[in-house]
Amino acid sequence: MAQSDYFPNIKKIEFEGAESDNPLAFTHYDENQVVAGKTMREHFRFAVAYWHSFCNENSDPFGTGTRSFPWDKSASAMENAKHRLDAAFEFFTKLGTPYYCFHDRDLAPEGSSIAESEKNLMEMVARAKTYQKETGVKLLWGTANLFTHPRYMNGAASNPDFNVICHAAAQVKAALDATVELGGENYVFWGGREGYMHLLNTDMKREMDHIGEFMRMARDYGRSIGFEGTFLIEPKPMEPTKHQYDYDAATVLGFLKEQGLENDFKLNLEANHITLAGHSFEHDVMLAAQNGMLGSIDANRGDNQNGWDTDYFPTNLYDTIHVMMILLEYGGIAPGGFNFDAKIRRNSTDPEDLFIAHIGGMDTFAHGLLIADDILSNSDYKELRDQRYSSFNSANGSKFENGNLTLENLRDLAEKNGEPDMISGKQEMFENLINRFIR
Ligand code: XLS
Ligand code: CA
Ligand code: CA
């Protein structure tokens, strides 16, 4: 397929180094640079989110869209979908992101029947497959949009009406077919309306059990058609519901265990959702990584002044340093990746702004990786942290960790050893250490 020309003024984005003042060049993301044994391309597996970048004209509850989509001008929804795909692959290849992610409805419009929706989707999948082959860009994950259509106003898999659950199943089945056909490496469930607006009219336990049953069905169907990737649940505490069942990483880990899904599912963690839940980005990343359940990351950022999902592009270096320190220690993100589930602001209206925003996100993570690696390789950070636990490395501390002491034993040891020494936590020293490496 011939490359489209929706971004005529943009050439392939190149790495120019930290001294560059070219806003359309990378300052830190050099895809071939090896850091801690892997190239940056392998570390991040960056993906573009189809919905924000190509479907969202930046309308808000107070005004219509401000972006102009030259690919969206035909009277036929399918024609527009094709042109949108052309624009998307032009963008991916000029930017140099190796992956993308989509919802079924981003790629193809809903038809007037289930059969027509399936046909639309598979037609677009065939076109996307050709592009993937030609460009080498791959699908990080697919998902089904189970929140936009009015039928999902009371939830999808958690809907109190069984008929709605059947429609959600039809969509997930088709989205899994599409993901497998395109070699998608993961499949995401984000339950935007799987929660409640009021507990008075809600049977929470019954709804959560329905979600569990629905996910077991999806897993079984996916495996039966050859999906070998990871299923991911993306936690979020609220919005659009008042309370969402997949509240945060800890809640989802408990849910997966209770439903017997922990061997097929991991977590897709979005920074802005984590901060909405009242944690720091790195908190949920650490929790998932330490439990072997870190699947993928939706890279974006909230705003301290706003209590909602702002989906800013990530530009906070301190966040990326911390998250990359965790990833370096716990084996990285593959087969997940870093998906920019982020949108340019409503007043960012130049076509180049979409490039600039992604470049900034990629550079901020690359810069964070370089600093994180420097800290882990050239400071005594890990020793200092481990030192705080040194009393568990021998004698009774080690017996305790191995389950070889009783509560009475501990009581007797307390009596024998007397009042513990005061041992400083050295928080300020740790914080200063990180800042010392930002140079
Ligand atoms: C919305 C979510 C959504 C998921 C995919 O808040 O971030 O975009 O990532 O359905
Ligand atoms: Ca997301
Ligand atoms: Ca979001």
Side-chain angles (χ1 to χ4, degrees), residues 45-56 58 60-61 99-107 110 139-149 152 155-158 168 171-172 174-176 178-179 184-195 211 214-215 218 230-249 252 265-279 281 284-285 288 294-303 306-314 319 323 333 336-345 357-358 361:
R45 301 160 56 83
F46 282 127
V48 173
Y50 209 90
W51 50 102
H52 282 310
S53 291
F54 302 102
C55 308
N56 171 3
N58 277 352
D60 70 14
Y99 288 93
Y100 71 113
C101 301
F102 63 71
H103 300 87
D104 52 353
R105 301 302 188 234
D106 307 333
L107 208 60
E110 179 154 8
L139 179 64
L140 185 65
W141 49 261
T143 187
N145 176 332
L146 304 178
F147 44 90
T148 298
H149 194 284
Y152 298 122
S158 65
Q171 256 187 266
V172 169
L176 278 164
T179 302
E185 298 182 31
N186 305 270
Y187 183 87
V188 164
F189 287 92
W190 172 64
R193 297 198 192 268
E194 313 293 26
I211 298 175
F214 187 90
M215 288 190 175
T230 317
F231 290 94
L232 302 170
I233 295 189
E234 180 178 329
K236 187 174 182 182
M238 67 196 83
E239 197 194 335
T241 52
K242 161 195 158 76
H243 174 90
Q244 195 171 311
Y245 295 137
D246 304 333
Y247 200 91
D248 59 4
V252 175
F265 282 68
K266 288 187 173 163
L267 304 180
N268 180 39
L269 296 175
E270 178 176 317
N272 202 165
H273 296 181
I274 299 172
T275 52
L276 266 182
H279 310 296
F281 181 19
D284 270 16
V285 174
L294 178 59
S296 201
I297 286 182
D298 270 7
N300 65 9
R301 173 171 64 92
D303 185 317
N306 299 144
W308 68 85
D309 194 12
T310 57
D311 288 341
Y312 285 134
F313 272 84
D319 284 351
V323 163
I333 197 72
F338 285 81
N339 166 46
F340 289 110
D341 193 353
K343 57 180 181 237
I344 49 175
R345 294 304 94 188
H358 281 87

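These numbers come from the heavy atoms of this one structure, side chains and all, not from hydrogens, waters or symmetry mates. Just follow the structure's listing: the first ligand is 1, and inside any ligand the first atom is 1. Note that the numbering runs from 1 along the sequence shown for the chain.
Here's the thing with Lys236: one of its N/O atoms is less than 3.5 angstrom from an N/O atom of ligand 1. Annotation: Asp341 places an N or O atom under 3.5 Å from an N or O atom of ligand 1; distance criterion only.
The aromatic ring centroids of Tyr50 and His103 lie 6.0 Å or more from each other. Ring centroids of Trp141 and Tyr99 are separated by 6.0 Å or more, keeping the two rings apart. When ring centroids are compared, Phe46 and Phe340 come within the 6.0 Å threshold.
Residue Trp51 approaches ligand 1 through these ligand atoms, each under 4.0 Å from one of its heavy atoms: 8 (O). Close contacts between ligand 1 and Asp298 involve ligand atoms 9 (O) [criterion: under 4.0 Å to a heavy atom]. Of all atoms in ligand 1, listed by their number and element, those nearer than 4.0 Å to a heavy atom of Asp309 are 6 (O). Listed by number with element, the atoms of ligand 1 under 4.0 angstrom from any heavy atom of Glu270 are 7 (O). Atom numbering of ligand 1 starts at 1 in the shown order; those under 4.0 Å from a heavy atom of His103 are 5 (C), 10 (O).
Minimum interatomic distance between Asn145 and Arg105 (heavy atoms only, all atoms of both residues): CB-CG, 4.1 Å.
Proximity of a side-chain donor or acceptor of Glu270 to a complementary backbone N or O of Glu234 within less than 3.5 Å is not detected.
In terms of protein heavy-atom proximity, atom 4 (C) of ligand 1 is nearest to Glu234 OE1, 3.3 Å. With hydrogens left out, the protein atom closest to atom 3 (C) of ligand 1 is Trp190 CE3, 3.6 Å, a heavy atom.
In this structure, Tyr187 and Phe189 have perpendicular ring planes: the angle between them is above 60°, well past the 30° mark.
Using a cutoff of 4.0 Å between basic side-chain nitrogens and carboxylate oxygens, Asp248 and Lys236 are not scored as salt-bridged.
A side-chain donor-acceptor contact under 3.5 Å links Tyr152 and Gln171. A donor-acceptor pair shorter than 3.5 Å can be found between the side chains of Asn300 and Asp311. No side-chain donor from either of Trp308 and Asp303 sits under 3.5 Å from a side-chain acceptor of the other.
Side chains of Ile233 and Asn268 form no contact here, defined as non-hydrogen atoms less than 4.5 Å apart.
Sorted by chain and number, the protein atoms of type N, O or S within less than 3.0 Å of the Ca ion (ligand 2) are Glu234 OE2, Glu270 OE1, Asp298 OD2, Asp341 OD2.
At least one heavy atom of His273 sits less than 4.0 Å from an atom of ligand 1.
For Asp309, the N, O or S atom closest to the Ca ion (ligand 3) goes by the atom name OD2.
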